[in-house]
Protein chains: 2
Amino acid sequence: MTSVEEPVRPGGRMRDAARTQAEILDVATQEFARAGYDGARVDEIAARTRTTKRMIYYYFGGKEQLFTAVLERAYGVIREAEQQLDVEHLDPVAAIRRLAELTFDHHEQHPDFIRLVSIENIHGAEHIAASEKLGRIGSPALEVIRRILATGQESGLFTADVDAVDLHAMISSFCFFRVANRHTFGALFGRDLVDPAQRAHYRTMLGDMVIAYLTAERTTD
Amino acid sequence: MTSVEEPVRPGGRMRDAARTQAEILDVATQEFARAGYDGARVDEIAARTRTTKRMIYYYFGGKEQLFTAVLERAYGVIREAEQQLDVEHLDPVAAIRRLAELTFDHHEQHPDFIRLVSIENIHGAEHIAASEKLGRIGSPALEVIRRILATGQESGLFTADVDAVDLHAMISSFCFFRVANRHTFGALFGRDLVDPAQRAHYRTMLGDMVIAYLTAERTTD
DNA sequence: GCACTAATGTACGAACCAGTACGTTAGCTA
DNA sequence: TAGCTAACGTACTGGTTCGTACATTAGTGC
């Protein structure tokens, strides 16, 4: 997520709009993820930047729009990751398992993103609604699921009545919960869902769950 | 969740510590769920109560402790609901499905609780950690799962290597995600996960998923 | 090298908000 | 019914925090 890392602009431009904006977004992402929207402090973001609060208002307009920009960039990152998906050369069962595992990995590697999404849900997704960019961002992963599902259903490997969006929700819910709710779950049940020693276990569990669901004969009652 | 509903204390005591505390907790639950911990306003809570801000500090000590008290009561409610669980007269498959459905129903009926848990996770479960009551609250549902799982595994209906806490996490993740992330999911994928018309569909989907996972033959590789 | 504008820094204000000092009264008990 | 205390109300404060008015400079085009 960090886009800026030069120590003290060695020989570079002193005034660089793109770099300043990227740095603000980096720090703002951390701060919003750390403390939530209302808990985040604009002054704190400015202080941890090589620029001043003035610049936040100059480039983004305000706290609200800054948070929207943070969300836009965070969603852009997963969108790019999803575009790199390369699983359709596998057979449907292996492809779905691989897709689930990549989703699992991505969630684990981007806890800040998970927190931002949780925060945005607390606020009723009003920033996504206010963003033109996020309105029609789409999901490459969804298209991949759609195609794998179609192949698997044609060949009779998968049960026919499964929808791509639903399957995406199923996979996401497990991956998301594991990261987002690890604190309360750990405090109440004494088990750390993101314990590295348990990582492979939960990754396999997710794949098993999804494949079992897709290949089970449904009892129509 | 609402414990107080008398219109304007008809003939009752004017000074009633228990009623005042319960009313503060009711309103605080709504306010914290609405706006998050930092977004919630103590003045707003007081204003929507028949008492004053002074009383909040008199009874609870401060905003932080008030939130902890809200969490304690909210977790107490699900604990009570879980103690009413009566599924062990069913065969293991039906019992697990029924348990999953009841979890599904409970999450749907208590969106405020879901929001409080999300908020508490944003803050690293620090209030649960600070609460003696919540430290060892336990989970009746977990015990039920444990027993059903044992029966199902003994009879060979279920695969042997499933843990009760893991299964609880699996069920919870689906139920929780559906309610907690409905706003962002709806905004991004154009599908309302809590649409009443889709309720039965997702309820069945959850049961199918869990049962498929428990009864699938595992490919040990 | 001059002028113009994008980029930046400083200092401040006004509203907000958690928390409290101080005073009052209902209701119980002896 | 006197007295005591738990329960309650009012008014205020001190610090915080988003946002901005005003001043300045780096870089660019001519």
Side-chain angles (χ1 to χ4, degrees), chain A residues 3-4 6 8-32 34-70 119 123 126-127 130, chain B residues 3-4 6 8-32 34-70 119 123 126-127 130:
Chain A
S3 313
V4 181
E6 314 95 281
V8 66
R9 48 198 129 170
R13 300 162 51 89
M14 296 195 69
R15 300 191 163 191
D16 186 332
R19 207 224 61 223
T20 300
Q21 289 175 47
E23 190 176 355
I24 291 171
L25 283 177
D26 286 344
V27 177
T29 298
Q30 293 169 27
E31 174 69 1
F32 280 123
R34 182 188 67 79
Y37 178 77
D38 291 289
R41 298 288 161 244
V42 177
D43 282 297
E44 178 64 20
I45 294 170
R48 281 159 51 190
T49 300
R50 271 173 290 172
T51 183
T52 62
K53 185 166 56 159
R54 177 71 182 77
M55 288 297 97
I56 294 174
Y57 288 89
Y58 183 68
Y59 284 121
F60 298 97
K63 187 180 183 181
E64 204 96 25
Q65 295 101 305
L66 176 60
F67 183 70
T68 302
V70 164
I119 292 160
H123 294 86
E126 61 182 7
H127 303 95
Chain B
S3 314
V4 181
E6 314 97 282
V8 65
R9 46 197 130 173
R13 297 163 50 91
M14 293 196 70
R15 299 189 163 193
D16 185 332
R19 207 225 60 220
T20 300
Q21 289 176 47
E23 189 176 356
I24 291 172
L25 283 177
D26 286 344
V27 177
T29 297
Q30 294 170 26
E31 174 69 0
F32 280 123
R34 181 188 67 81
Y37 178 76
D38 291 289
R41 297 290 162 241
V42 177
D43 282 297
E44 179 64 22
I45 294 170
R48 279 160 51 192
T49 301
R50 270 173 288 173
T51 183
T52 64
K53 183 164 58 157
R54 176 72 183 76
M55 288 297 99
I56 293 174
Y57 288 89
Y58 182 70
Y59 284 121
F60 298 97
K63 188 181 182 182
E64 205 96 23
Q65 296 102 304
L66 176 60
F67 184 70
T68 303
V70 165
I119 292 160
H123 293 86
E126 60 182 7
H127 303 94

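Not counting sequence neighbours, the partners of B/Tyr37 by the side chain to side chain donor-acceptor pair (under 3.5 Å) test are B/Glu64.
Residue A/Thr20 places none of its side-chain N or O atoms closer than 4.0 Å to OP1 or OP2 of C/dA7. Remark: A/Thr52 is not in phosphate contact with C/dT8, judged by side-chain N or O atoms under 4.0 Å from OP1 or OP2. Within the 4.0 Å cut-off from OP1 or OP2 of D/dA6, not a single side-chain nitrogen or oxygen of B/Tyr59 is found. One finds a side-chain N or O of A/Thr51 lying less than 4.0 angstrom from the OP1 or OP2 phosphate oxygen of C/dG9.
With rounding to whole Å, B/Tyr37 atom OH is found 14 Å from C/dC17 atom P. Atom CZ in B/Arg19 sits roughly 15 Å away from atom P in C/dA26 (whole-Å rounding). Going from atom CE of A/Met55 over to atom C1' of D/dT24 covers 11 Å, rounded to whole Å. Atom CD1 in B/Ile56 sits about 14 Å away from atom P in C/dC17, given to the nearest Å.
Among B/Met55, B/Arg50, B/Arg48, the one residue that satisfies the side chain to side chain contact (heavy atoms under 4.5 Å, CB included) test with B/Glu23 is B/Arg50.
For the pair B/Ile45 and B/Ile24, the tightest heavy-atom approach, listed with the atom from each and the gap, is CG2-O, 4.3 Å. When all heavy atoms are compared, the tightest approach of A/Ala28 to A/Leu66 is CB-CD2, 3.9 Å. Scanning both residues, A/Ala35 and A/Ala40, for their nearest heavy atoms gives CB-N, 3.7 Å.
Rounding to the nearest 0.5 Å gives a distance of 12.0 Å between OG1 of A/Thr52 and OH of A/Tyr58.
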Sugar-phosphate atoms are those with a prime plus P, OP1 and OP2; base atoms are the rest. Using that split, label each nucleotide of nucleotides 16-22 of chain D B, S or - for protein heavy atoms under 4.0 Å, 5' to 3'.
-SBBBBB
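If you check every strand for non-hydrogen atoms under 4.0 Å, B/Tyr58 touches a base.
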